[in-house]
Structures are given as structure tokens and as C-alpha cells.
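Below is one structure, written out as C-alpha cells; the observations come after it.
Just so we're on the same page: letters track the sequence lines, and every chain starts at 1.
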Number of protein chains: 2
Amino acid sequence: MKPIAESTVRRLSLYLRFLEEFEAQGQLTISSGELAVSRGTTSAQVRKDLSFFGSFGKRGLGYDVRDLIGSIRQILGLHRTWSVVIIGAGKIGAALAQYRGFATRGFHVVGIYDKDPARIGTKLGEITVRSDLEIERDIERLRPQIAVLCVPGEVAQAVVDRVTDAGITAVLNFAPAQVQVPNGVTMRAVNMATELEILAFGLSHPEELAS
Amino acid sequence: MKPIAESTVRRLSLYLRFLEEFEAQGQLTISSGELAVSRGTTSAQVRKDLSFFGSFGKRGLGYDVRDLIGSIRQILGLHRTWSVVIIGAGKIGAALAQYRGFATRGFHVVGIYDKDPARIGTKLGEITVRSDLEIERDIERLRPQIAVLCVPGEVAQAVVDRVTDAGITAVLNFAPAQVQVPNGVTMRAVNMATELEILAFGLSHPEELAS
DNA sequence: GATAACTTGTGAACGATTTCACAAGCCCTC
DNA sequence: GAGGGCTTGTGAAATCGTTCACAAGTTATC
């Protein structure tokens with residue numbers, strides 16, 4: 001299979017969300033055009049995105065909503081559950097630990113860790129904050145695939161080194177720092193300040209930011 | 001000026017972060033190559049990104065760190081302050097209201113609003129949660145440029161309509177819903193679940209996600 | 001002041017992604 | 001079962017973003 005662009009994967013995730021809404025409304029079938037307008041793209045884009053993985057529609061008819069939901073979940077790897085550990089139980093870590101959007105998509109938070117004794121032992125929803133000293137033991141025991149980093153920027157690199165050494169192969173980084181990961185580990189970074197700065201650029205340069 | 005790609009703006013924001021670190025360490029001058037390695041891109045990319053906005057370096061020497069910081073801040077529109085309102089004082093809204101990364105870059109949170117009477121009146125750092133009924137009046141009075149949406153997906157569209165009607169021209173959407181904005185309003189969305197799903201895709205299809 | 005060692009700025013080449021455009025397939029009606 | 005109206009799947013074309021490669025500018029050294 002040829003490499004798939006990240007932009008394609010991101011759109012598939014959005015299509016899935018819309019399909020679920022359409023399903024909830026009882027719609028049985030949908031065309032690429034309908035899926036496209038709900039998301040500001042074109043019908044050709046929708047069809048091309050799907051075509052990398054097979055053909056899921058019926059010419060003349062469109063796509064069966066339930067089938068396509070199943071197919072996209074399969075493509076994205078959501079037909080199974082993934083285990084997630086959250087490192088850092090500050091404001092953002094705590095918010096993510098209780099975020100329902102994860103559980104409903106098969107991402108199970110199996111542990112949340114902090115260094116601060118005042119936080120250790122507190123309950124966040126279903127789960128109790130544990131000492132950061134237990135990170136390695138728990139990763140080896142529970143074998144989570146994904147670590148979500150919600151620690152201060154200064155310690156981000158050290159924490160990434162620890163979790164990747166312990167066997168984590170995917171990292172979602174909310175810490176405001178650029179970190180390096182070893183080969184074989186995927187990392188994605190979400191930086192709130194950068195998002196605001198892109199907005200500020202758009203406000204400062206009307207008409208000049210490519211949409 | 002020709003349209004600037006979002007990827008360019010995003011990199012400028014990252015360059016700025018590194019430059020500030022270099023400045024803190026007392027480094028006076030930097031080459032495009034040094035800036036590139038710290039961020040996993042190439043020196044040509046750095047120079048091209050900057051070239052859209054002018055020439056900031058000296059051939060043979062590189063860039064003056066302080067000057068370049070100033071220039072990038074100017075380009076991004078960070079030479080002034082921006083006023084931000086946060087709508088929704090749940091976990092994520094509360095976390096963002098207290099996030100220091102905003103204030104240090106000139107983004108001032110001038111209001112946070114919620115519908116839930118239990119939250120109205122509580123203090124989050126410096127700022128007190130106000131009733132969502134005051135959103136319109138405050139926007140007209142304080143003239144914030146940016147709204148950050150941290151409300152449940154079901155009400156996201158309604159809230160966006162309210163703030164854009166009141167005069168907001170840029171929206172950062174953390175709500176897990178696709179929303180439409182009128183012409184002339186910029187919107188960016190950050191979706192935690194989508195980020196995890198991209199990671200899951202990578203874990204499910206080793207070697208197939210274009211890096 | 002000539003030479004060497006660097007580094008920028010940028011047109012041109014390249015590669016990747018999106019859009020176009022149309023043949024092929026499906027359903028419905030007559 | 002033939003024809004009309006849709007809609008998919010997909011090569012080809014167009015657009016967009018990144019990388020290459022080199023002329024031109026700067027400093028240091030002799």
C-alpha cells in the first residue's frame with residue numbers, strides 16, 4: 001500500500017463523525033457530495049480519500065451509512081481498543097482524563113501519573129492519580145500503546161525518554177516543547193499557543209492566509 | 001503579497017520558540033541550519049519561510065537572534081496584544097483560562113463564560129466566570145478579537161453564531177463538532193479525538209503513514 | 001586587496017496533494 | 001430490457017508546497 005497523507009487520515013476521522021450523526025438521524029445512505037458539504041471539502045476529495053483503501057460505495061446510489069462507518073473505523077484502527085496513559089495530572093491532564101470523547105472511540109485511559117504528592121491519590125472520574133515512579137512498572141504490566149504528555153515543557157523530553165524506553169510507541173504531546181522520539185515511535189504535538197498565533201496571523205494579514 | 005501557507009505560519013511560530021530559547025542562552029546570532037536542526041526541517045525551508053516576508057539575515061553570517069525574534073513577532077502579529085474570551089468553563093475551558101502560555105505571548109483572557117450557575121462566580125486564576133448571558137454585552141464592550149470555544153459539541157454551532165454576531169472575527173474551537181462560520185471569520189479547530197485517531201492509524205498501519 | 005570559508009535569498013526542479021473530467025455501474029420507470 | 005438520471009472510482013491535469021542548487025554578499029586571514 002502506498003503511503004497515506006496525514007491530511008487524508010484527518011479527513012477520514014471527520015467523515016466518521018458526520019456519518020455517526022447521519023446514522024443517529026436515521027439516514028441509511030449518503031453520497032460523497034453530502035458528506036463533502038458538511039465538511040467544507042469536495043465530493044472528489046471524499047471519493048479519492050476512500051479510494052486509497054478500497055471501494056465502499058455503489059455507483060448511482062452512494063454509500064451505505066452503517067457500512068461506511070464500519071469501514072472507516074476499520075481503516076483508522078478503531079475496531080479494537082487502545083490503552084492510553086496520561087502523564088501529568090495538572091489542569092490539562094485532568095481534563096483529558098475525564099474527557100468522554102476518548103472512551104467512546106475505544107481509547108481507554110488506564111493510568112494517570114504525577115510527581116506532585118498533593119495530586120497522587122486524588123480521583124479523576126474513574127481513575128486515581130498514581131506516582132510517576134510507577135510509570136515504568138505500569139507500562140510493562142498494562143502495555144498501553146499511547147502516552148499523552150501533559151507535563152511542563154522543561155521536563156517533556158525526559159518524560160518522553162522514560163515512556164519510550166518502557167515500550168510506548170505513540171505519543172501525543174500537549175507540552176509546549178519540541179521533543180525528539182526514537183525511531184519507530186510516532187509523535188504528534190498539539191500546541192495551544194501556536195493555534196492562537198495562526199489566528200493572530202490571519203487577523204493581522206487579512207486575505208493573505210491560504211485557507 | 002501572495003497567500004501564505006498555513007504550514008509556513010506554523011513553522012514560524014516554532015522558530016520563534018527556539019529563537020527565544022537561544023536568546024535566553026545568550027546566543028547572539030544563528031544560521032538557518034541551526035534553526036532547522038532544532039526543529040527537524042531543512043535550512044532551505046527556514047530561509048524560504050522567511051523569504052515570503054522579506055530578508056532578515058546577513059549573507060555569510062546568519063541572523064541576529066534578537067532582530068529575528070522581533071521580525072517574526074511582527075510577522076505573526078504578536079507585537080500587539082489580543083483579547084480573548086473563553087466560552088465554557090468546564091475542564092478544558094478552565095485549564096485554558098489558567099494557561100500561562102497565552103499571557104506570555106500577548107493573548108489576554110478578558111472573560112470566561114458558562115451557563116451553569118454552579119460555575120458562575122467561581123475564580124479561575126485572575127478571572128471570574130461570568131454568566132453566558134453577558135457574552136454579547138461584554139464582547140461589545142471589551143471588543144475581544146478571538147473566542148475560544150470549550151462547550152459541548154451540541155451547542156457549539158449556536159455559541160459560534162452568538163459570538164460572531166456580536167463581532168468576534170476569529171474562533172478557536174475545542175468543541176468536538178464541525179461548525180460553520182460566516183464569511184470574514186477565521187476558524188480553527190483542535191480535536192483531541194482526531195489526534196488520537198491519527199496515532200491509532202499509524203499504529204495500525206506501520207510504515208504507511210506519510211511522515 | 002585578494003582569497004577562502006561561510007551563509008543568505010531565490011528561481012527552477014521536484015514531489016505531493018487536490019481538482020477535474022469522464023467511463024462504468026446501478027436503480028427506476030416504462 | 002432499453003433509456004434516463006444519478007453517483008462512484010480513477011487516471012490525468014493542475015495546483016500547491018518543499019527541496020535543490022547556485023549566484024551574491026559578508027567576514028576573516030594573509
Let me know the distance between [atom1] of [X] and [atom2] of [N], rounded to the nearest Å.
| X | N | atom1 | atom2 | answer |
| --- | --- | --- | --- | --- |
| A/Y63 | C/dG25 | OH | C1' | 13 Å |
| B/F56 | C/dG9 | CZ | C1' | 12 Å |
| A/Y15 | D/dT8 | OH | P | 12 Å |
| A/D67 | D/dT8 | CG | P | 14 Å |
| A/F52 | C/dT18 | CZ | P | 8 Å |
| A/E6 | C/dT17 | CD | P | 10 Å |
| A/I4 | C/dT18 | CD1 | P | 12 Å |
| B/K58 | D/dA28 | NZ | P | 12 Å |

For A/V163 versus A/A147, what's the shortest heavy-atom pair and its separation?
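A/V163 and A/A147 have their closest heavy atoms at CG2-CB, 4.2 Å.
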State, to 0.1 Å, how close B/V160 and B/Q180 come at their nearest heavy-atom pair, and which atoms those are.
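Distance-wise, the nearest heavy atoms are CG1-O, 3.9 Å.
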Between A/R47 and A/S7, just flag the one whose closest nucleotide in DNA chain C comes earlier from the 5' side.
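On the 5' side of the pair lies A/S7.
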Of A/A44 and A/G60, whose closest DNA chain C nucleotide lies nearer the 5' terminus?
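Between the two, 5'-proximity favours A/A44.
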Record whether the side chain of A/R59 comes under 3.5 Å of the base of D/dT8 through a donor-acceptor pair of N or O atoms.
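Yes, a donor-acceptor pair under 3.5 Å.
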Options [options], nucleotide nearest the side-chain atoms of [X]:
| X | options | value |
| --- | --- | --- |
| A/S55 | D/dG9, D/dT26, C/dT8 | D/dG9 |
| B/S51 | D/dT10, D/dT7, C/dT10 | C/dT10 |
| A/T42 | C/dT19, D/dT19, D/dT7 | C/dT19 |
| A/Q45 | D/dG25, C/dT19, C/dA24 | C/dT19 |

For a quick test of reading the model: is some side-chain N or O of A/S32 closer than 4.0 Å to OP1 or OP2 of D/dT7?
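It does not, given that no N or O in the side chain of A/S32 lies less than 4.0 Å from OP1 or OP2 of D/dT7.
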Have a look at B/S43 and say if it touches a base, only the backbone sugar-phosphate, or nothing, with a 4.0 Å heavy-atom cut-off.
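Result for B/S43 = nothing.
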Between B/T194 and A/R17, is there a side-chain donor-acceptor contact under 3.5 Å, judged purely by atom types and distance?
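The answer is yes; a qualifying pair exists.
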Against B/I72, only a single residue in B/F56, B/F53, B/Y15 fulfils side-chain contact (heavy atoms from CB on, under 4.5 Å); can you say which?
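Among B/F56, B/F53, B/Y15, the one meeting side-chain contact (heavy atoms from CB on, under 4.5 Å) with B/I72 is B/Y15.
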Between A/Q145 (side chain only) and A/S83 (backbone N and O only), is there a donor and an acceptor less than 3.5 Å apart?
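Present.
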